[in-house]
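The block underneath contains the structure these notes are about, expressed in structure tokens.
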Amino acid sequence: MTDKKVRTRFAPSPTGYMHIGNLRTALYGYLYAKSQKGDFILRIEDTDRTRYVADAVDFINRTLEMAHIIPDESPALGGNYGPYVQSERMDLYRKYAEELVKSGHAYYCFCDPEEDHSAGKFGGYDRTCRDLPQDVIDEHIKNGDPYVIRQKMPLDGDTTFFDVLHGNITIPNSELEDQVLLKRDGMPTYNFANVIDDHLMEITHIMRGAEFITSTPKYILLYQSYGWDVPTFIHLAPVMGKNEDGSVSKLSKRHGATSFDDLVKLGYLPEAITNYVALLGWNPKTTNQEIFSMDELIEHFSLEGLSKSPAVFDYDKLGWINSEYFKAMDDETFTKLAHEYAGTLPDCLETNWSSLATLLKTRVQRLSDVPSEIAFLIDLPAFDADLYNNKRNKVTPEKAAEIMPKLVDLLEQDR
RNA sequence: GGCGCGUUGGUCAAGCGGUUAAGACACCGCCCUUUCACGGCGGCUUCAUGGGUUCGAAUCCCAUACGCGUCACCA
């Protein structure tokens, strides 16, 4: 098992939005694969037709590219385990679902989802079709009645699985519902497609959010039904956001800029974002270094450094890391980047932009701070004459009025 | 509510039975600097609570509290 090549995957649904938590999941998967000389796979989970967003796949590709998280196999790149888009793998899921029905691990369910079955524990209806006589099933099929295929859960006992971060986790089987594997529209559910694809694509390590912990036993049971090897699970703690009242909750749009794209627009450098996000829930252990290139992250990455408790997203720290990248940057590059955020400049500022930008380099945490930093040069607000009072240098407003014009002359000569 | 996961400073965190409980961000102060920054130095504040186990516990066990997740023909 240890000699198997490590293969991790990032499996987003195409929503057109790369949440920072998702980016981190992708990053860790990538870092682990690369640190083990393994492969990182991008797979698109588009089994919910109602949520499909046009161009979302392009968006995911572009985002990963900007973040320098480069898949070895993907819808765009192809690979030996394709197709890498679930909607193109439909036949596969049906075949495997039917196989489970035959082996007695799943069954057809003809219940109407619109009907109210809220009486029982799992909505009450999901087990009524468990033991339908074969002739009733045949009759439904003959009539062309719509159906779903549900997984048949054990009624007692419990299921245990191992998680790298949390150790053994045991959940009573009585908590497990007969989840839908194949939907009415013939599409697999996420939970089902995941198991099939991860197995077929020979994924060795599954990194995903901790919200999947309680559904993992269902996966385990599926793997066992097929007699497949169970991959290694690593459930990552969520990224939290700070609320106005001081409490924290899972990072979401109401916390402000929380997508990779939002952050880039604000003028945080992609490398800095990646760097910061890597540190949000992971620690290199062997060093106190905090500024890492992607290669360095790969070099230092290890599963042991992953944190099992949630981390709060901190804009201050991101800003500090970003400013470190600015300081390490050469003046020309910064000058050019800052100019894109400067807005329309008066001629005198435009012609002297590079000197001004050099001054800005250590004074700005993100590019979107540029306009407010230079606003006083453009608006030329009235300053309080009291500002010219400086005892130590024996300057008064009157004195300053004498000196300033001379200063202008001096500076002009200097140019 | 059932089940599951989590809990070291304001934030990210190291720590795996014996430490003055690292480091970073933020904050405060000093230095550098006729400004603002950068840089340097220093300070502040932490083991959720209660029981065990042990010569000794942030570290192991059990409760409690709090937080979070989950209980979809969404992922």
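The sequence lines fix the lettering, A, B, ..., with proteins before strands; numbering per chain opens at 1.
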Hey, are A:Lys336 and A:Glu332 close enough for a salt bridge, meaning a charged N less than 4.0 Å from a carboxylate O? no
Between B:rA24 and B:rA65, how many Å separate the two C1' atoms, rounded to a whole number? 31 Å
Measure centre to centre between the rings of A:His205 and A:Tyr32, then say whether the value is under 6.0 Å. yes
Mate of B:rA65 where both pairing distances stay under 3.5 Å, Watson-Crick or G-U: B:rU7
Take the protein atom CZ of A:Arg208 and the nucleotide atom P of B:rU70, then report the distance between them rounded to whole Å. 12 Å
Would you call the rings of A:His300 and A:Phe292 parallel, tilted or perpendicular, where under 30° means parallel and over 60° means perpendicular? perpendicular
Rounded to whole angstrom, note down the C1' distance from B:rC27 over to B:rG10. 9 Å
For B:rA75, does either OP1 or OP2 sit under 4.0 Å from a side-chain N or O belonging to A:Thr47? yes
To the nearest angstrom, how far is A:Phe292 atom CZ from B:rG23 atom C1'? 12 Å
Between B:rC73 and B:rC68 - C1' atom distance, rounded Å: 27 Å
Roughly, in whole Å, what's the span from CZ in A:Arg94 to C1' in B:rC73? 13 Å
Can you work out whether A:Lys250 or A:Lys183 has the more 5'-proximal nearest nucleotide on RNA chain B? A:Lys250
Base, sugar-phosphate, or nothing: which does A:Ser249 touch, judged by heavy atoms less than 4.0 Å apart? nothing
The Watson-Crick or G-U wobble partner of B:rC55, with both key distances under 3.5 Å, is B:rG18
What residue among A:Tyr315, A:Phe313, A:Tyr268 forms ring-ring contact (aromatic ring centres under 6.0 Å, His included) with A:Tyr276? A:Phe313
For atom CG of A:Asp185 and atom P of B:rA72, their distance in whole Å: 18 Å
B:rC47 and B:rU7, which share atom name P, separated by this distance in whole Å: 16 Å
Counting the atoms with a prime plus P, OP1 and OP2 as sugar-phosphate, which does A:Lys361 contact under 4.0 Å by heavy atoms, base, sugar-phosphate, or nothing? nothing
So if I define the base as every atom that isn't primed, P, OP1 or OP2, how would nucleotides 3-14 of chain B read as a B/S/- string at a heavy-atom cutoff under 4.0 Å? SSSSS--SSSSS
Under 3.5 Å, which donor-acceptor pairs link side chains of residues 54-65 of chain A to any protein atom two or more places apart or in another chain?
| residue | atom | partner | partner atom | Å |
| --- | --- | --- | --- | --- |
| A:Thr63 | OG1 | A:Phe59 | O | 2.8 |

Reference residue A:Asp178; test salt bridge (charged side-chain N to carboxylate O under 4.0 Å, His left out); the match among A:Arg130, A:Arg150, A:Lys152: A:Arg130
Write down the partner of B:rC44 under the Watson-Crick or G-U wobble criteria, each distance required to be under 3.5 Å. none
Rounded C1' spacing from B:rA75 to B:rC61 in Å: 38 Å
Rounded to whole angstroms, how far apart are OH on A:Tyr17 and C1' on B:rA75? 16 Å
With both distances under 3.5 Å as the test, what is the Watson-Crick or G-U wobble partner of B:rG23? B:rC12
Using purine N1 to pyrimidine N3 plus N6-O4 or O6-N4 for Watson-Crick, or N1-O2 and O6-N3 for G-U wobble, each under 3.5 Å, what pairs with B:rU33? none
Quickly work out the A:Met329 CE to B:rC38 P distance and round it to whole Å. 17 Å
Rounded to whole angstrom, note down the P distance from B:rG1 over to B:rU64. 13 Å
Output, in order, the C-alpha distance, side-chain angles, deciding distance and verdict of side chain to side chain donor-acceptor pair (under 3.5 Å) for A:Ser259 and A:Asp262. CA-CA 5 Å; A:Ser259 77; A:Asp262 291 338; 3.1 Å; yes
Atom-to-atom span, CZ of A:Phe233 to P of B:rG69 - whole angstrom: 21 Å
Using OP1 and OP2 only, check whether a side-chain N or O of A:Lys327 sits under 4.0 Å from B:rA37. no
Rounding to the closest angstrom, what is the interatomic distance between B:rA48 and B:rA58 at atom P? 10 Å
Between atom OH in A:Tyr147 and atom P in B:rC73, what is the gap in whole Å? 17 Å
Below the 4.0 Å mark, does B:rU70 have OP1 or OP2 next to a side-chain nitrogen or oxygen of A:Lys218? no
Pick from A:Thr159, A:Asp158, A:Thr160: which one makes a side-chain hydrogen bond (donor to acceptor under 3.5 Å, both in side chains) with A:Thr170? A:Thr160
Base partner of B:rC74, which must satisfy Watson-Crick or wobble distances under 3.5 Å: none
Starting the side chain at C-beta, find the nucleotide from B:rA75, B:rA26, B:rG39 nearest to A:Gln365. B:rA26
If we take the P atom in both B:rG9 and B:rU59, what is their distance in whole Å? 14 Å
Is the distance between the ring centroids of A:Tyr226 and A:His199 less than 6.0 Å? no
